[in-house]
Amino acid sequence: MSELDRPHVLVVGGTGMLRAVSLALAKSSQYVSVIARDATRLQTLRRQADQSAGDIYALPVDYRDSDALRHALKTATVRRGKFSRAVVWVHAVAPEAPFIIAQHVGEPNKIGRYIHVLSSASADPSKSDTSRKQHFGKIKTLRYSEVILGFVRTAQGSRWLSHAEISQGVLHAINMNLDHYVVGTVKPWSERP
């Protein structure tokens, strides 16, 4: 694969529960830019990718700061081109961040893929919300997908997903090209931990 053909992927939240996603994408000959607040964790991730022939561009930025986020995204796209794919885990404290990120995914002649990683709360049956999908649907340069993080039912009750289970599930959704995927389960809702 030539340097010009290498896809540029963004991972938001890529030093925590999506760490294995960042490393797997980097190892698969993709340019990977990772946004996280902790610069030390980002540099550790970058060194780990370097050891396995991966390539990670660290973007230390707090996505709650919209201006800083826009600047970091612009810097990354100037350096490596528009994002062909984004894997985005953003806490509810930054409601603008997912849409700011989406503006940098894809191009008019090359649709990008936006994989939105969402907490189990987004699957709450008492709160049907289609506005998120409609809002992303207005952005003509991207294909919107959702990965819902559920829980695991056990003989002792239920538990939240581990980081390894989350990363495996997100990678499965990416590799299978799924538009909607639940890691674990969200049913029955009454058994949510």
Side-chain angles (χ1 to χ4, degrees), residues 6-66 68-106 112-119 122 136 142-149 160-178 181 183-184:
R6 290 177 73 182
H8 186 192
V9 179
L10 175 68
V11 182
V12 180
T15 62
M17 67 182 195
L18 297 178
R19 179 182 193 79
V21 171
S22 298
L23 292 169
L25 293 172
K27 192 173 181 179
S28 69
S29 297
Q30 298 179 65
Y31 285 130
V32 178
S33 292
V34 178
I35 287 180
R37 289 186 303 247
D38 189 323
T40 302
R41 287 175 68 178
L42 270 169
Q43 291 309 317
T44 301
L45 177 70
R46 192 183 58 72
R47 282 191 300 275
Q48 188 176 356
D50 287 345
Q51 292 170 356
S52 64
D55 184 14
I56 287 181
Y57 179 51
L59 294 166
V61 66
D62 185 341
Y63 57 65
R64 295 175 294 185
D65 181 339
S66 295
L69 176 60
R70 283 184 187 94
H71 178 74
L73 294 167
K74 183 175 181 180
T75 299
T77 57
V78 165
R79 181 175 173 157
R80 294 186 166 170
K82 284 284 225 175
F83 299 109
S84 59
R85 181 183 306 153
V87 181
V88 182
W89 166 251
V90 171
H91 292 278
V93 297
E96 286 184 29
F99 303 108
I100 292 169
I101 294 163
Q103 297 299 321
H104 292 82
V105 180
R113 184 143 178 243
Y114 188 102
I115 298 101
H116 202 177
V117 181
L118 298 164
S119 73
S122 65
F136 281 103
L142 67 93
R143 176 178 153 210
Y144 180 74
S145 303
E146 292 182 340
V147 176
I148 311 292
L149 304 180
W160 294 118
L161 298 162
S162 69
H163 286 192
E165 291 166 330
I166 290 168
S167 285
Q168 288 171 354
V170 170
L171 286 168
H172 175 77
I174 291 169
N175 293 332
M176 299 304 292
N177 208 22
L178 302 173
Y181 185 67
V183 183

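We count residues from 1, following the sequence as given. Note that the coordinates shown come from a computational prediction; the quantities given were computed from them, not determined experimentally.
Side chains of Phe83 and Ile101 form no contact here, defined as non-hydrogen atoms less than 4.5 Å apart. Between Tyr181 and Ser145, every side-chain heavy-atom pair lies at or beyond the 4.5 Å cut-off. The shortest distance between side-chain heavy atoms of Leu18 and Val34 does not fall below 4.5 Å. The side-chain heavy atoms of Ile56 and Leu23, taken from C-beta on, include a pair separated by under 4.5 Å. Counting heavy atoms from C-beta on, the side chains of Val87 and Trp89 never come closer than 4.5 Å. In this structure, Arg143 and Asn177 have side chains that are in contact, with non-hydrogen atoms separated by less than 4.5 Å.
Note: Gln48 CD to Lys27 NZ = 10.5 Å, rounded to the nearest 0.5 Å. Residue Leu45 holds its CG atom at 10.0 Å from CZ of Arg47, rounded to the nearest 0.5 Å. Rounded to the nearest 0.5 angstrom, Tyr114 OH and Gln103 CD are separated by 10.0 Å. Here the OG1-NE2 distance, from Thr77 to His104, works out to 5.5 Å after rounding to the nearest 0.5 Å. One distance of note links CG of Asp62 with CD1 of Ile35; it measures 10.5 Å at 0.5 Å rounding. The CD atom of Gln168 sits 10.5 Å away from atom CG of Leu161, with the distance rounded to the nearest 0.5 Å.
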**OP:** List the steps and the verdict of side-chain contact (heavy atoms from CB on, under 4.5 Å) for Thr44 and Arg19.
**Re:** CA-CA 11 Å; Thr44 301; Arg19 179 182 193 79; 3.9 Å; yes

**OP:** Could you check Val117 against Val183 for side-chain contact (heavy atoms from CB on, under 4.5 Å), going step by step and ending with a plain yes or no?
**Re:** CA-CA 10 Å; Val117 181; Val183 183; over 6 Å; no

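When all heavy atoms of Asp55 and Ala26 are compared, the pair lying nearest together is N-CB, 3.7 Å. Listed here is the closest heavy atom pair of Ala58 and Leu42: CB-CB, 3.9 Å. Closest approach of Arg41 and Gly16 over heavy atoms only: NH2-CA, 3.3 Å. Val90 approaches Ala94 most closely through the heavy-atom pair CG1-O, 3.6 Å. The minimum heavy-atom distance between Val61 and Ala72, with the atom names listed, is CG1-CB, 4.0 Å. Contact record, Ser84 with Pro7: OG-CB, 3.3 Å, taken as the closest heavy-atom pair.
In this structure, Tyr31 contributes its side chain and Tyr57 its backbone to no donor-acceptor pair below 3.5 Å. At distances below 3.5 Å, at least one donor-acceptor pair connects side-chain atoms of Ser167 with backbone N or O atoms of Met17. Between the side chain of Tyr63 and the main chain of His91, a donor-acceptor pair closer than 3.5 Å is present. Ser33 places no side-chain N or O within 3.5 Å of a backbone atom of Leu10 that could act as its donor or acceptor partner.
The side chain to side chain contact (heavy atoms under 4.5 Å, CB included) test with Arg85 is passed by exactly one of Val11, Leu142, Ile174: Ile174.
Within a 6.0 Å sphere centred on CD of Glu96, heavy atoms belonging to other residues, nucleotides or ligands number 12 at most. Within 6.0 Å of NE2 in His172 there are more than 12 heavy atoms belonging to other residues, nucleotides or ligands.
In this structure Thr15 satisfies the side chain to side chain donor-acceptor pair (under 3.5 Å) test with no other residue, sequence neighbours excluded.
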